[in-house]
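Shown next, in C-alpha cells, is the structure this report addresses.
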Amino acid sequence: MKPLGPIPADYTAIDGELAIGGRKASALVKEARRTPLFVYSRDIIAARAEALRAAMPERLAIHYAMKANPYPPLLEHVADLVDGLDVASGGELEIARKAGYLAREISFAGPGKRDPELKAAITTGVTLNCESEGEISRALAMGKALSVKPRLAIRVNPAFEIRGSGMKMGGGAKPFGIDEEQVPALARRIVDEGADWRGFHIYAGSQALDAAAIIETQANVIALAARLGEEAGVAVPDLNMGGGFGIPYFDKDTPLDIAAIGSALAGQFGKLPERLQQTQFAIELGRYLVGEAGVYLTRIVDRKVSHGTTYLVTDGGLHHQLAASGNFGAVVRRNYPLAIASRFDAAAEEEASVVGCLCTPLDRLADNALLPRAEVGDLVAVFCAGAYGASASPANFLGQGPAAEMLV
Ligand SMILES: *Cc1c(COP(=O)(O)O)cnc(C)c1O
C-alpha cells in the first residue's frame, strides 16, 4: 500500500459526496455535462489570499504568477485579491489584459521573449523583467523606435537558491535571469539610456514547505538587491522577491508556516539598508494562491483485476494531470491527495490503483491506494489540481482534448 497525499482541510461532504463551493460533485458534473472537469473554488482562493494578507507585512505587495492557472474566470476573481500579476508570455499578457488587469500591475518575466512580445509590453507599459543583455539591448532599441520609455527591471540569477525547493530555478548556470556579476553594469546602462528603470526581480525557487528556508532566502534576496543597487549606483524602485511558497502534495508534507515568514519579513523591513528604504517589495505566488482550490473530477469507466491488483480506470488522466501522474519534474512518483468523490465519507476498505484512459504506463493517478470500494460510474477527485493542471498538461495527447473547467 502507498499513502495518499493530504486532502486540504477545506473540503467536506454533503450527503456523503465531496462538496466544492457548497455543491455536490455530482451536481457540478451535471452542470458541466461532462467529465473530466476541473472545479476551482472562489472561497478557497479568497481564504488563501486573506491568510497571506494577515500574515505578511502591509508594505509587501502580493502578485499572482498566472502560469499556475490562467483560466480567465479565475484570473478575474484573483484580480480583486492581489496587487499585481506576473506573466511569462505574450499570450498570457493578452489573457491578463482581457481579464481586466492594468498594465501598471503587470510584470513580464521569462526567457526568449520575441520582438512582438517586447513590443506589446513596451507599448502597453508593462514592466519587462529582462533575462539577458541581448534582451535589454532589444528592449532599449525598441523603446527608442517607438518613442516610448520602456519599463525595465533586471531578473537576477542569484548565486543561491531556496534550500530543498521543488524545481530549481536559481543558482549556477541557468537560462533564467542575468548572473549577479553582470548586473550592475547593465542596470547602469538602462538608467543611462533613459529607460524607466524599475529595479530587480530575484526568484530563487518553488514549492518550499520549510519556512526557515524561505526566511533565509528572503534575507539573501534583500541583501543582494541592496548590494547590486549600491554597486550600480542606482535606486531600486521595485524589488520582486520571488515566492516559492509551497503546498502539501504528499504524505507527511505539512503546510507552510506563513506567520513565521511574515514576522521575519517584518523584521527585515524594520532594518532595511539605506538603498532599499523607498523600495516597493513584492512576492509572486502561483500554487500557494490557487493550487489547493482546484479539484479534478473524473469518472470511473472500468474496474478490473490484473495479477491481484485492482485497477479503477477513469476517463481522465495525465493529459490533464501531468503533475499528479508524476511526470512533471518529479524524481520519484508519489501519490497526490485523491478520493472517491461520490463516496467521500465512506470508510476505506480496499487497495486499488487509479489510472487514466491513456494507453501508456505513465498514466497513473494513484498507485496502490487504500480507498472505499468504488464501482463503474463513481467519481474520483484529484486534489491540489488548481495549479499546473489544465494548462500544464498535454491535453491533445492521444486525441483526448481539454477537460471542462468551472469556477464556483
Ligand atoms: C513559476 C513561477 C512562479 C510561480 O511558482 P509557484 O511555485 O507556482 O508559486 C513565480 N515566479 C516565477 C518567476 C516563476 O517562473
Side-chain angles (χ1 to χ4, degrees), residues 63-71 75 78 82 84-99 101 103-143 150-158 161-162 165-180 182-183 186-187 190 195-207 221 238-244 282-287 289-290 322 328-329 387-388 390-393:
H63 292 189
Y64 175 52
M66 79 173 267
K67 82 175 192 286
N69 189 331
Y71 179 53
L75 211 54
V78 170
V82 300
L85 187 75
D86 295 313
V87 305
S89 74
E92 284 193 348
L93 177 55
E94 232 176 275
I95 298 171
R97 298 281 287 152
K98 283 194 190 123
Y101 288 83
R104 288 269 153 167
E105 306 167 332
I106 302 175
S107 59
F108 181 176
K113 298 184 193 76
R114 284 144 286 178
D115 283 344
E117 295 177 304
L118 293 180
K119 187 173 177 188
I122 291 169
T123 50
T124 51
V126 161
T127 297
L128 281 166
N129 294 334
C130 298
E131 306 264 354
S132 73
E133 180 171 5
E135 193 174 289
I136 291 171
S137 298
R138 286 194 294 138
L140 288 169
M142 194 171 285
R151 288 166 70 84
L152 302 183
I154 289 181
R155 178 165 177 188
V156 181
N157 174 26
E161 59 190 338
I162 306 181
S165 68
M167 273 188 211
K168 305 227 173 298
M169 293 183 74
K174 287 287 176 298
F176 313 107
I178 297 175
D179 294 352
E180 287 180 15
Q182 300 169 25
V183 168
L186 291 170
I190 291 172
D196 183 359
W197 163 248
R198 300 312 314 160
F200 300 117
H201 173 211
I202 306 177
Y203 179 77
S206 175
Q207 181 50 24
V221 164
D238 296 325
L239 175 57
N240 178 333
M241 309 177 64
I283 51 170
E284 49 175 358
L285 305 177
R287 74 187 76 226
L289 285 166
V290 300
L322 193 63
F328 192 56
Y388 308 108
S391 74
S393 303

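The first residue in the sequence is number 1, and the count goes up from there.
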Derivation of the side-chain contact (heavy atoms from CB on, under 4.5 Å) call for Leu85 and Val78 | CA-CA 9 Å; Leu85 187 75; Val78 170; 5.7 Å; no

CA sep, side-chain torsions, deciding dist, call: Ser206, Arg287, side-chain contact (heavy atoms from CB on, under 4.5 Å) = CA-CA 9 Å; Ser206 175; Arg287 74 187 76 226; 3.1 Å; yes

Looking at Gly243 and Ile162, what are the two nearest heavy atoms and their distance?
-> O-CD1, 3.9 Å

State whether the side chain of Asn157 and the backbone N or O of Gly172 hold a donor-acceptor pair below 3.5 Å, judged by distance alone.
-> yes

By ring-ring contact (aromatic ring centres under 6.0 Å, His included) - contacts of Tyr71 (at least two apart) | Tyr40

May I ask you to decide if Pro158's main-chain N or O and Glu180's side chain share a donor-acceptor pair within less than 3.5 Å?
-> no

Do Tyr203 and Phe176 have side-chain heavy atoms sitting under 4.5 Å apart?
-> no

Stepwise side-chain contact (heavy atoms from CB on, under 4.5 Å) check, Asp196 with Arg151 = CA-CA 5 Å; Asp196 183 359; Arg151 288 166 70 84; 3.4 Å; yes

Going from OG on Ser132 to CG on Asp179, what distance comes out if it is rounded to the nearest 0.5 angstrom?
-> 11.0 Å

Would you check if the side chain of Glu131 reaches a backbone N or O of Gly177 as a donor-acceptor pair within less than 3.5 Å?
-> yes

Any side-chain heavy atom of Leu93 sitting closer than 4.5 Å to one from Glu117?
-> no

Between Arg155 and Gly110, what is the shortest heavy-atom contact and its length?
-> NH1-N, 4.1 Å

Does a side-chain heavy-atom distance below 4.5 Å link His201 with Asp86?
-> no

With sequence neighbours left out, the residues meeting ring-ring contact (aromatic ring centres under 6.0 Å, His included) with Phe200 are Trp197

Taken to the nearest 0.5 Å, the spacing of Leu152 CG from Ile190 CD1 works out to 5.0 Å

For Tyr64 and Asn69, the nearest pair of non-hydrogen atoms, with its separation, is OH-O, 2.8 Å

Does any non-hydrogen side-chain atom of Val156 lie less than 4.5 Å from one of Val221?
-> no

State which residues pass side chain to side chain contact (heavy atoms under 4.5 Å, CB included) with Ser393; sequence neighbours excluded, sorted by chain then number.
-> Leu322

Heavy atoms only: give me the nearest Ile122-Pro150 pair and the separation to one decimal.
-> CG1-CB, 3.9 Å

Shortest non-hydrogen contact from Ala139 to Leu118?
-> N-CD1, 4.3 Å

For salt bridge (charged side-chain N to carboxylate O under 4.0 Å, His left out), just list the numbers for Glu135 and Lys113, CA-CA rounded to whole Å, side-chain angles, deciding distance to a tenth of an Å, and then say yes or no.
-> CA-CA 8 Å; Glu135 193 174 289; Lys113 298 184 193 76; 2.7 Å; yes

Grab the two heavy atoms, one from Leu75 and one from Ala99, that are nearest each other, plus how far apart they are.
-> CD2-CB, 4.0 Å

Minimum side-chain heavy-atom gap Val82-Leu285 below 4.5 Å | no

CA sep, side-chain torsions, deciding dist, call: Asn240, Thr127, side-chain contact (heavy atoms from CB on, under 4.5 Å) = CA-CA 11 Å; Asn240 178 333; Thr127 297; over 6 Å; no

